[in-house]
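Letters A, B, ... are given to chains in the order of the sequence lines, protein chains preceding strands, and every chain is numbered from 1.
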Amino acid sequence: MSAVESPTPVPESAAPGSGRRSESDEAQRPEGRDSLPARAADDKEALREATRRDEVAPWLAALEAGRRRGEPEWLASLRDEASARFARLGFPSTRDEAWRQTSVAPLSRTRFDHATRGAIDDALDALPGFRFGGAFAGREAVFVNGRFMPELSSLGKLARVRVRSLRHTLQEDPDVLAGLIGAAADDEKHPFLALNAAAFQDGALVEVPERYAVRAPIHLLFISTGAVASHPRTLIGMNRGAQATIVESYVSPSGAHSFCNAVSEVLMGDGAVLDHVRVQSESGKAFHVATTAARLSRNASYTNHSLCLGAAIARHDLVVRLEGEGASTELNGLFASDDAQLHDTHSKIDHVAPHGTSRELYKGVLGGRSRGVKNGLIVVRPGAQKTDAQQASKNLLLSREALVHSTPQLLIHADDVKCKHGATTGQLDDVALFYLRSRGLDEAAARALLVWAFASDVVSKLKVAAVRESVERFLRERLGATGAVPGTPA
Amino acid sequence: MTMLEVRDLHANVQGREILKGLSLTVNPGEVHAIMGPNGSGKSTLAHVLAGRPGYEVTKGEVLYQGKDLLGLAPEQRAREGVFLAFQYPIEVPGVSNVYFLKAAANAIRKHRGLPELDAMDFLALCKEKAALVELPEELTRRAVNEGFSGGEKKRNEIFQMAVLDPALAILDETDSGLDIDALRIVAEGVNKLRTPQRAIILVTHYQRLLDYIVPDFVHVLADGRIATSGGKELAQELEAKGYAWLEKEPAPAGTR
Ligand SMILES: Nc1ncnc2c1ncn2[C@@H]1O[C@H](COP(=O)(O)OP(=O)(O)OP(=O)(O)O)[C@@H](O)[C@H]1O
Ligand SMILES: [Mg+2]
């Protein structure tokens, strides 16, 4: 293994205090339950309860105001339940295990507006830069603040694949969707998922017919603008034996204080194959929370590439359930944070059926005072014999102030399985830096090259050239690169 | 002008003194072999000359082409013509060899006031230099040293040397890990790079390399100093007797 691949391990506590919401008051609470501290605890609980109510109140009001009449019964009750759940759960706090390292306080305290004409104009101005140089012309659906924009989309080359607006589908034949919304994403404990279910107005419905293979990739472009909250929902149905490549990109014009709360559900029939790419490169001031949830039937193969590059706070929950025998999944991820960004990915691979295979490789590159969280859980259920699961998480810290928490977890309830996991965190290798400098490259160029090298195995797995090139361009710009970082290798 | 003048060099690594008063003079056109037991400080000397951060010079001086070398950053030394072939070359995945070398070569050319090479010219240059060490062209396109065999890495170092055209080349155990044929090929490549202007310091454990690349001087480095120096016959003597006898003889005052 090369020096670049295995950065010298440093203790994860090497960086100074994280500036997260303090939990020390709780930690200091004495064990004994005499009356005074007990009362203090009750008071604290009451205070939390009040805070939660205050935080959710404007959201509930907005949900009430935005309520569509004429929605089918099943959807109305789904929304009622979801908003009740959201009200009960409230915004997560760092006392919640799943949110321990990620405070959403800046988000829950922000007031968001409705989309204005101006916000849409911002999106229009920035749009050309979001189209990957036109690589997806004819197969591109554009959403602005969660709303499908037919006039901005170009869907002329889809042949037998159906890409529709969720909203139009709900108006025209809603029952197609009954049982599908929430079929993969479970919002029992996840307030943002519940909020999305209660609030989503629109989104994408993609359906690939049985045994049909689409060669050209399909692009779903979600633009968030201004200080707008949106809750786009995507539903991808891969019928038996269908094959496709779908790229979701989440962007916002620079400076936008937007909040995008996205949910994508993927249902994979027997033997279906999906290459699912997700690029999040929103403005450095944006909030981005998302869930991607996939369910795999027999022999289905699901690949997810997730590139988390932008936003002030970004949280992605990625959940893959291998429900059919012989299903396989590959999760390939890169996050690159800088300044005070926080990038959090929670992945869960749930092996339900036997003979499943999963491979996960996540890499984080952290600069500035940024924070990274990578929590990876592999569950192997009792019946899931012959499961073969591997997970690796590797992080590169570029500054002393950057901090990453990476926690791999295995929950194995079957005996005949192969599971491996590992996490490493390190800094750029001194000898490697010296090697490059000894060839005449200056220090900045040498560092850039090594970061590039660190990210290269994740990036090179991106089969969609337009996406791969744009990620490479991002890395070059982020690294302030000189000529040292290759464009396309000769 | 003298290529390299090392005077009473003391250097610490991780707070431990490794070089303990080393002196050495190298003129253009000369090949100096440095031999010596494991851990005696040969690689440390090579790294100090190339400017490795953290290798702390506590005493002495190094003049390169008459100018102070120790004040320069590693990349400045490279641009001034110092090259180190590493004992353990580094893998840089995802970055192609030629791309990396082009960036390096152009940084050096720019420093020398030469126009940068475009991709076509550079590829032609690579082709020519790869042939010199019989490095398969396929390897020049692959990521730097990634998945290269030990011998391929060493060949790649000499290929890089050929492309970067240094004035002073320090080859740290370039022969170790090479099979018999590869050793001959690499040695012939190095011989072709011997010019009246270029000086070469060869760190090696084996007489075998010196049969191919005949040195002008052989030095034995022991415990951070040059213990003895001589002509090419010294290497043969070492091959026969080992290093133990050295401890009985006093280190010579000068080195040459
Ligand atoms: N980075 C380092 N940290 C700590 N000690 C070091 C380091 N580099 C070298 N040393 C020590 O310095 C001494 C000299 O090492 P050096 O690599 O220069 O020896 P060498 O003569 O090249 O040996 P070899 O023939 O085995 O290559 C050794 O004792 C080695 O352990
Ligand atoms: Mg050595």
Side-chain angles (χ1 to χ4, degrees), chain A residues 1-8 332 334 336 361 363 365 392 394 396 427-462 468-469 471-472 475-476 479 481-490, chain B residues 46-47 49-55 73-86 88-112 116 119-120 122-123 126 140-148 157 160-161 163-164 166 170:
Chain A
M1 209 188 275
S2 78
V4 177
E5 271 293 279
S6 53
T8 30
N332 182 39
L334 174 71
L361 174 64
K363 290 200 167 181
V365 178
K394 299 182 182 181
L396 181 61
Q427 293 153 342
L428 285 180
D429 185 87
D430 286 339
V431 186
L433 264 179
F434 172 55
Y435 183 69
L436 300 184
R437 293 176 73 191
S438 78
R439 298 296 182 257
L441 300 181
D442 62 39
E443 190 175 353
R447 290 175 71 88
L449 206 72
L450 290 179
V451 173
W452 178 277
F454 174 79
S456 68
D457 53 352
V458 170
V459 176
S460 66
K461 284 189 186 144
L462 291 165
R468 189 180 59 244
E469 283 156 17
V471 173
E472 289 173 346
L475 284 172
R476 265 200 303 279
L479 300 168
T482 57
V485 173
T488 26
Chain B
H47 282 88
L49 294 178
R52 178 156 169 194
Y55 281 40
E75 60 270 29
Q76 291 169 320
R77 298 182 196 201
R79 292 170 194 176
E80 293 285 345
V82 177
F83 179 87
L84 169 62
F86 279 52
Y88 305 107
I90 308 295
E91 298 190 7
V92 189
V95 179
S96 88
N97 229 342
V98 285
Y99 216 95
F100 157 62
L101 263 187
K102 178 161 170 270
N106 279 335
I108 292 171
R109 290 178 67 89
K110 202 167 148 195
H111 179 78
R112 293 180 187 165
E116 297 195 2
M120 290 306 283
F122 189 74
L123 282 177
C126 281
T140 68
R141 283 189 297 269
R142 257 173 44 195
V144 182
N145 292 325
E146 192 188 20
F148 283 29
E157 293 292 281
Q160 293 185 11
M161 170 185 165
V163 171
L164 299 180
I170 305 158

| query | If you look at every heavy atom in A:A453 and B:V92, which pair is closest and at what distance? | reply | CB-CG1, 3.7 Å
| request: Under 4.5 Å heavy-atom distance to chain A, tell me which part of B:E116 shows up: side chain, backbone, both or neither. | output: neither
| Can you say whether B:Q160 sits under 4.5 Å from chain A via the side chain, the backbone, both, or neither, judging by heavy atoms? | side chain
| query | Under a 4.5 Å heavy-atom cutoff, which of B:A104, B:A73, B:A119, B:P166 has the most pairs with chain A? | reply | B:A104
| field | For B:E75 against A:E443, the heavy-atom pair lying closest together | value | OE2-N, 3.6 Å
| field | side-chain contact (heavy atoms from CB on, under 4.5 Å) between A:D442 and B:R79, worked out | value | CA-CA 10 Å; A:D442 62 39; B:R79 292 170 194 176; 3.7 Å; yes
| task | Sequence neighbours left out, what passes side chain to side chain contact (heavy atoms under 4.5 Å, CB included) with B:A78? Give chain and number order. | result | none
| said: At a 4.5 Å cut-off on heavy atoms, which part of B:P89 comes close to chain A: side chain, backbone, both, or neither? | reply: both
| Side chain, backbone, both or neither of A:S438 within contact of chain B (heavy atoms, under 4.5 Å) | both
| query | Under a 4.5 Å heavy-atom cut-off, does chain A meet the side chain of B:R52, its backbone, both or neither? | reply | both
| field | Proximal component of B:N145, with respect to chain A [non-hydrogen, under 4.5 Å] | value | side chain
| message | Is B:H111 close to chain A through its backbone or its side chain, or both, or neither, when contacts mean heavy atoms under 4.5 Å? | response | neither
| note | Applying side chain to side chain contact (heavy atoms under 4.5 Å, CB included) to A:A392 and not counting sequence neighbours gives A:L361
| request: Check the angle between the aromatic planes of B:F86 and A:Y435 and answer parallel, tilted or perpendicular using the 30° and 60° thresholds. | output: perpendicular
| request: Specify the closest pair of heavy atoms between B:I90 and A:A432, including all atoms of both residues, with the distance to one decimal. | output: CG2-CB, 3.6 Å
